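These figures come from a predicted structure and were not determined experimentally. The residues of the chain are indexed from 1 along the displayed sequence.
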Amino acid sequence: MNFPEIITDNCANHSEIAWWPEFAFHYTNITNAINILRTGYLYSRVKASEQNLMKSDNASKQVINMTNSKTTEFVRFYFRPMTPTQYHNEGFKHSQLRYDGDTNANVPVPIFFLFNLRKLLEMPGTQFSQNPQSGYGSSLYTGASNFAKLDFDKIYGNGPMSNPSEDKRFRHAEIVYPGSFDISSCLQFIVCRNNIEKITLLNCIKDVSIKLFEKYSPIVKVPTKEVFYKNGLFITDCAYNNRICSVVFSDTYAKYSYMNYQMSKLSVNELRKLNVQVSFDWVNKRDHVYQEVVDFYIDYANPINITLTDLPLFPRATNIKIKVFINKKLMCYIEQPLVSDSVY
């Protein structure tokens, strides 16, 4: 069997989520995603560090420290989303709740890059493994004959694990590519968790380059399910209307379940309040008119939605840009026109 035949068989017979086997998945925080789109490349950890491109280092320091140095010379992809690592670092997780107490293991606004798996596997230099390359690594292979030998039932397994220690390793199976990877070679989709985070990503891209915005905006998508756990704190809506700004926080059962489990596991009795900053920028096409930043604190367990009223008006401003940060991490970025009859 060749790569296309194996992938077709996996979609039909070896994955509960039929579309997963068509893609290779690269997972990162939004700040890194912007750099990836700006440069047009995915870089290995070594190259990204050398070029100061890793704006948000969301990997666990403990895992990095025991990972073979050769592994850090590869660009890394997963066969699937919803890995065990993603479960622990997706969304803003309170620093007191993070995996093994590692405050670095956090991806506040997660972004997935989806690549055509067949094209990636057929590229010279691409290798793959049945288990993760993190930690002490796993054997790497090439070629369709070796690819066919992988245990795809376990790699694409979904739902509860019958053997957690073994199943976790299969769900972290990887594809690696040396050095740097040109994303234009086989990028098919960029996936965001919800619509407000899609808007945030698109606004960040637009700030970098209108050409980049026009190039990538058609492939930025929001899936209905089967990509994100939604078990951290995130923003589900942000809007401005008639001098009022409203911010709505997520309220999911998955978040409360994860929070309660980690509090019990880590013997945490009370969570510190989180700092929230809302930055307002009044602008027009030619210049920046005025900026104002509002600070306050929220409860991670039960965040109260924010309503800010009586925001100022400026005659020269045509648009307002609003960014929301939690503990200095960008969570949301919208831009709206100011209604003409409100600007006076």
Side-chain angles (χ1 to χ4, degrees), residues 3 6-7 10 14-15 17 20-29 32 36 41-48 54 57-60 62-90 99 105 107 110-158 161 164-183 185-188 191 227:
F3 285 126
I6 299 165
I7 290 168
N10 286 340
H14 299 288
S15 178
I17 314 302
W20 281 0
E22 297 178 17
F23 301 101
F25 297 79
H26 184 83
Y27 171 74
T28 193
N29 191 49
N32 293 334
I36 291 166
Y41 283 86
L42 285 171
Y43 291 97
S44 68
R45 175 170 288 276
V46 168
K47 284 190 174 291
M54 195 175 294
D57 189 353
N58 26 262
S60 167
Q62 298 174 41
V63 174
I64 292 169
N65 290 339
M66 67 178 189
T67 295
N68 188 313
S69 60
K70 183 68 178 175
T71 297
T72 64
E73 297 175 9
F74 289 106
V75 177
R76 296 162 66 185
F77 309 82
Y78 288 124
F79 281 93
R80 48 159 311 146
M82 303 187 79
T83 65
T85 293
Q86 182 187 339
Y87 175 77
H88 288 290
N89 68 17
E90 180 198 307
Y99 184 65
V107 183
I111 304 292
F112 269 107
F113 290 84
L114 274 59
F115 297 90
N116 183 297
L117 180 59
R118 176 189 60 80
K119 290 183 179 180
L120 176 58
L121 290 170
E122 291 174 347
M123 291 178 184
T126 298
Q127 300 177 78
F128 47 84
S129 63
Q130 186 158 258
N131 292 147
Q133 291 304 302
S134 55
Y136 300 106
S138 179
S139 298
L140 289 167
Y141 303 96
T142 60
S145 60
N146 284 319
F147 187 65
K149 296 175 184 177
L150 300 184
D151 191 337
F152 292 109
D153 288 329
K154 290 183 177 179
I155 288 172
Y156 293 117
N158 199 32
M161 302 180 193
S165 61
E166 178 180 324
D167 291 351
K168 283 180 182 180
R169 292 185 59 76
F170 280 95
R171 294 186 188 191
H172 278 130
E174 292 189 47
I175 307 110
V176 299
Y177 187 88
S180 58
F181 182 81
D182 182 352
I183 64 173
S185 61
C186 58
L187 177 64
Q188 290 195 271
V191 175
V227 179

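Considering all non-hydrogen atoms of both residues, Pro81 and Phe112 come closest at CB-CZ, 3.7 Å. When all heavy atoms of Ala105 and Asn89 are compared, the closest pair comes out as O-CB, 3.5 Å.
In this structure a side-chain-to-backbone donor-acceptor pair under 3.5 Å is present from Gln133 to Ser138. A donor-acceptor pair is defined here as one N or O able to donate and one able to accept, closer than 3.5 Å; no such pair exists between the side chain of Glu174 and the backbone of Leu140.
Separation of atoms OH (Tyr78) and NE2 (His26) is listed at 10.0 Å; rounding is to 0.5 Å. In this structure, CD1 in Ile7 is found 10.5 Å from CZ in Phe23, a value given to the nearest 0.5 Å. If you take CD1 on Ile111 and OH on Tyr27, they are separated by 10.0 Å, rounding to the nearest 0.5 Å. Taken from OG1 in Thr126 to CZ in Phe147, the straight-line distance is 11.5 Å, to the nearest 0.5 Å. In this structure, CG on Leu121 lies 6.0 Å from CD1 on Ile175, to the nearest 0.5 angstrom. Asn146 CG to Ser129 OG: the interatomic distance, rounded to the nearest 0.5 Å, is 12.0 Å.
Contacts of Asp182 classified as side-chain hydrogen bond (donor to acceptor under 3.5 Å, both in side chains), with partners at least two apart in sequence or in another chain: Ser184. Scored by the side-chain contact (heavy atoms from CB on, under 4.5 Å) test, Ala144 finds Phe3, Ile6 as partners (sequence neighbours excluded). Legend: residues meeting ring-ring contact (aromatic ring centres under 6.0 Å, His included) with His14, ordered by chain and number and at least two apart, are absent. By the side-chain contact (heavy atoms from CB on, under 4.5 Å) test, Ser185 is found to be paired with Met123, Phe181, residues two or more places apart in sequence or in another chain being considered. Applying the side-chain contact (heavy atoms from CB on, under 4.5 Å) rule to Pro84 yields the partners Met161, Lys168, Arg171, His172; only residues at least two apart in sequence or on another chain are considered. Taking Asn158 as the reference, Glu16, Ile17, Trp20, Arg80 meet the side-chain contact (heavy atoms from CB on, under 4.5 Å) condition, with sequence neighbours excluded. Contacts of Tyr141 classified as ring-ring contact (aromatic ring centres under 6.0 Å, His included), with partners at least two apart in sequence or in another chain: none. With sequence neighbours excluded, no residue satisfies side-chain hydrogen bond (donor to acceptor under 3.5 Å, both in side chains) with Thr83.
Within 6.0 Å of the OH atom in Tyr41, the count of heavy atoms belonging to other residues, nucleotides or ligands does not exceed 12.
Counting only residues at least two apart or on different chains, the salt bridge (charged side-chain N to carboxylate O under 4.0 Å, His left out) pairs with a member in residues 110-125 are Arg118-Glu122. Pairs engaging residues 140-154 under the salt bridge (charged side-chain N to carboxylate O under 4.0 Å, His left out) rule: Lys154-Glu166 [sequence neighbours left out].
Looking at heavy atoms from C-beta onward, Phe25 lies in side-chain contact with Leu114 at the 4.5 angstrom threshold. Using a 4.5 Å heavy-atom cutoff, the side chains of Glu73 and Pro178 are not in contact. Put simply, the side chain of Asn131 reaches to within 4.5 Å of the side chain of Phe170, judged on heavy atoms. Side-chain atoms of Glu90 and Val107, non-hydrogen and from C-beta on, never get closer than 4.5 Å to each other.
In this structure, Phe77 has its ring center under 6.0 Å from that of Phe115.
Using a 30° and 60° split on the angle between ring planes, Tyr99 and His88 fall in the tilted class, from 30° to 60°. Between Phe152 and Tyr156, the two ring planes are parallel [angle under 30°; tilted spans 30° to 60°].
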